[in-house]
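These numbers come from the heavy atoms of this one structure, side chains and all, not from hydrogens, waters or symmetry mates. Throughout, protein chains are lettered first and strands after them, A, B, ... in sequence-line order, and every chain is numbered starting at 1.
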Protein chains: 2
Amino acid sequence: MQKNKAASNCVECVLAKQCVPSGMPANKLFRFENIVQTNIPYKMGEALFQQHTETSFLYVVKTGSFKTKMISPHGTEHVHNFFLPGEVIGLDSVGLGMTLNSADALEASLACKIDYPSLRMLRKEFPTLSDFSVKLYSTALASMSRVQNIISLQSASSRLAAFLILYHSRISSSNLQSSSFQLPMTRQDIASHLGLAVETVSRSFSKLIDTGCINKDGRKIQILELKKLEQLANSSAR
Amino acid sequence: MQKNKAASNCVECVLAKQCVPSGMPANKLFRFENIVQTNIPYKMGEALFQQHTETSFLYVVKTGSFKTKMISPHGTEHVHNFFLPGEVIGLDSVGLGMTLNSADALEASLACKIDYPSLRMLRKEFPTLSDFSVKLYSTALASMSRVQNIISLQSASSRLAAFLILYHSRISSSNLQSSSFQLPMTRQDIASHLGLAVETVSRSFSKLIDTGCINKDGRKIQILELKKLEQLANSSAR
DNA sequence: CGCTTTTTTGACCAGTTTCAACTCAAGTGG
DNA sequence: CCACTTGAGTTGAAACTGGTCAAAAAAGCG
C-alpha cells in the first residue's frame, strides 16, 4: 500500500505516526494527507515566509536547514533560531495568524507545509492530535529556554561552546552520534544569533581550537573533548 | 449564583471565560472549577516549584509576581523570566512532566494552581479548550522571542532600556497606562536575566537617568521619554 | 581564472567586568 | 533608643574582554 510506505519514511509523517489513531479509517487518513504538502524544495537563501505577513501554515523541515530572523523597526537584524530536519517552524506565528519573523533556507532544503486551519479542525475529531500539539509547543518552549540560557552567558567562548554543544546534540539525535558535523550557517548568522561580532565568533573558534576542544575545517566542526567544551560553556569566568 | 460571581472576577477564570462554551451544563462547570485551586498565597521568596522535579500543574499569577530561574549542573544560576498577574507559569514543563527550572515569588503573591492532567482530559470534551491552549503556548513563544531579542542586544544600556519598555508594556496592559511603576525584582535578578553584572545594571540605570529617559527612586521607575528610551533600545551602537 | 563573499588576523579603543569601598535602609537585640 | 548587623544598591579604579576598523587570506562561484 502506497500510503503506508510513504508514512514510514518521510519526516512530515512523524506527525501522522505520532498523532493519528492507529484505527483511523482510510477516508480520514486521506484527509490528513491532504492538508500536508510534502517535500517542497527551497533553494539556498529562499524564504519560507516573510516577516509581518499573514500565515496559516506550519513547516516541518525534511532535509537541509533554515533560519528565522527578526528585523526590528529600526532595521537591525537578529537571527532567532536555526531549524534542523524534524523540527517545526512557525509555531509562534500560527496562533496569531501573523508571522513574527521571516524564515530562510540556509542551503538547498526540503520542507513540508501543513495547513494549520485544517489541522485545527482535525484536532476536534482526534483528541490525541491535541495532546501532540501541546507536546510540540512544550518542546519548542523548552528548546527556546536552552537558547536563552546560551545567549545570556557572559563570555564569547562560552556562548560559542554552548552553541556547538546544543547544535551537536540536535543533529546527533537523528543521525548516529558522530563527533564531527557540518554547520550550514555563516559566521555572521552565528554572530547575530549569539549577540556577538563576526570577528569575535571567529576568534572564539580559534580559542576553542587552541584549547584542544574542537577541530575545524571551514564549516566542518569536530568535537575533540566534549567535557572540556562543556566546562568552558558553563564557566562563569571569562 | 455563587459560581457565576466567582467566574466573573478572578484571574484564573480567564481560562474559564475564554475556553468554556457558554452553554456548558452545570455539572461540567463544577468539574472545571474542581481542577483549579484558587488564590494560593505565597510569601516573598517562597517556591512555586523546584527545578528537576515531577510536575503536573500550571500556575496563573493572580497578584504579585514570580521569577523562574535555572541552575546549571555547574552551579551557575540564571533568571529566565518574570511573571506578572494574568501570566501562566509552567507551560514549558507540563508537556514533559518535569520542571526545567524553579519558580519563586518575588513578593507576597497569589497564584492559582491548575491540575494539568485533568485539564488535558477536559480538552477532549471541549475542542475550544484546545484552541485556547494553543493560543496560550503561541503567546508564550512570542513573548520568549521578545526576551531573546532583548538579551542579544550588545550594549548594556540598550538591554536595560528594552527590558524596561517590555516590562512597562506588560503591566500597563492590565493597569491603566501610567508612566511610573514598581519593579519587584532585585538588581541582581535583572543582571542575571540580562546577562550582565550587577554593577553594570546599576550604572546603566544611572546612564538612563543622565540622558533624561527615566527617573527612579529605588525600585520605582518613571519613564520620562519613551521615544528616547526606544531609540536607545534599538541603537546597535554601544 | 578573475570575481565576490566569507573568514581570519591585527591593532586600537571603548565598554564591561571585577574588586573594593561606601551609602542607605531595614531588622535585631541589648 | 541606639549600636550593630545584614543586604541591596551605588560608585570608583584597574584589568581585560570584545567591538570596531582595516586589511589580508581563504573559499565559492560563474
- dT17(D) P sits how many Å from Lys207(A) NZ, rounded? 6 Å
- Item | Lys216(A) side-chain N/O to dT8(C) phosphate OP1/OP2 under 4.0 Å | yes
- Task: Could you tell me whether the side chain of Ser158(A) reaches within less than 4.5 Å of the side chain of Asn234(A), counting heavy atoms only?
- Result: no
- Describe, in one word, how the ring planes of Tyr42(B) and Phe66(B) are oriented to each other, choosing from parallel (under 30°), tilted (30 to 60°) and perpendicular (over 60°). perpendicular
- Message: Would you say Ser206(A) places a side-chain N or O within less than 4.0 Å of OP1 or OP2 belonging to dT9(C)?
- Response: yes
- Counting any heavy atom closer than 4.0 Å, what does Arg219(B) reach on the DNA or RNA strands: base, sugar-phosphate only, or nothing? sugar-phosphate
- Note on the structure: Taken to the nearest whole Å, CD/Glu199(A) to C1'/dA24(D) is 13 Å
- Query: Which part of the nucleic acid, if any, lies within contact of Thr186(B), taking any heavy atom under 4.0 Å across all strands shown: a base, the sugar-phosphate backbone alone, or nothing?
  - Reply: sugar-phosphate
- Between the base of dT18(C) and the side chain of Arg203(B), is there a donor-acceptor distance below 3.5 Å? yes
- Query: Do the numbers put Arg187(B) on top of the ring of Phe205(B), so that NZ or CZ is under 6.0 Å from the six-membered ring centre and no more than 45° off the axis?
  - Reply: yes
- Does one side chain, of Gln50(B) or Thr99(B), offer a donor that lies under 3.5 Å from an acceptor on the other? no
- Atom CG of Leu153(B) and atom C1' of dG15(C): how far apart are they, to the nearest Å? 15 Å
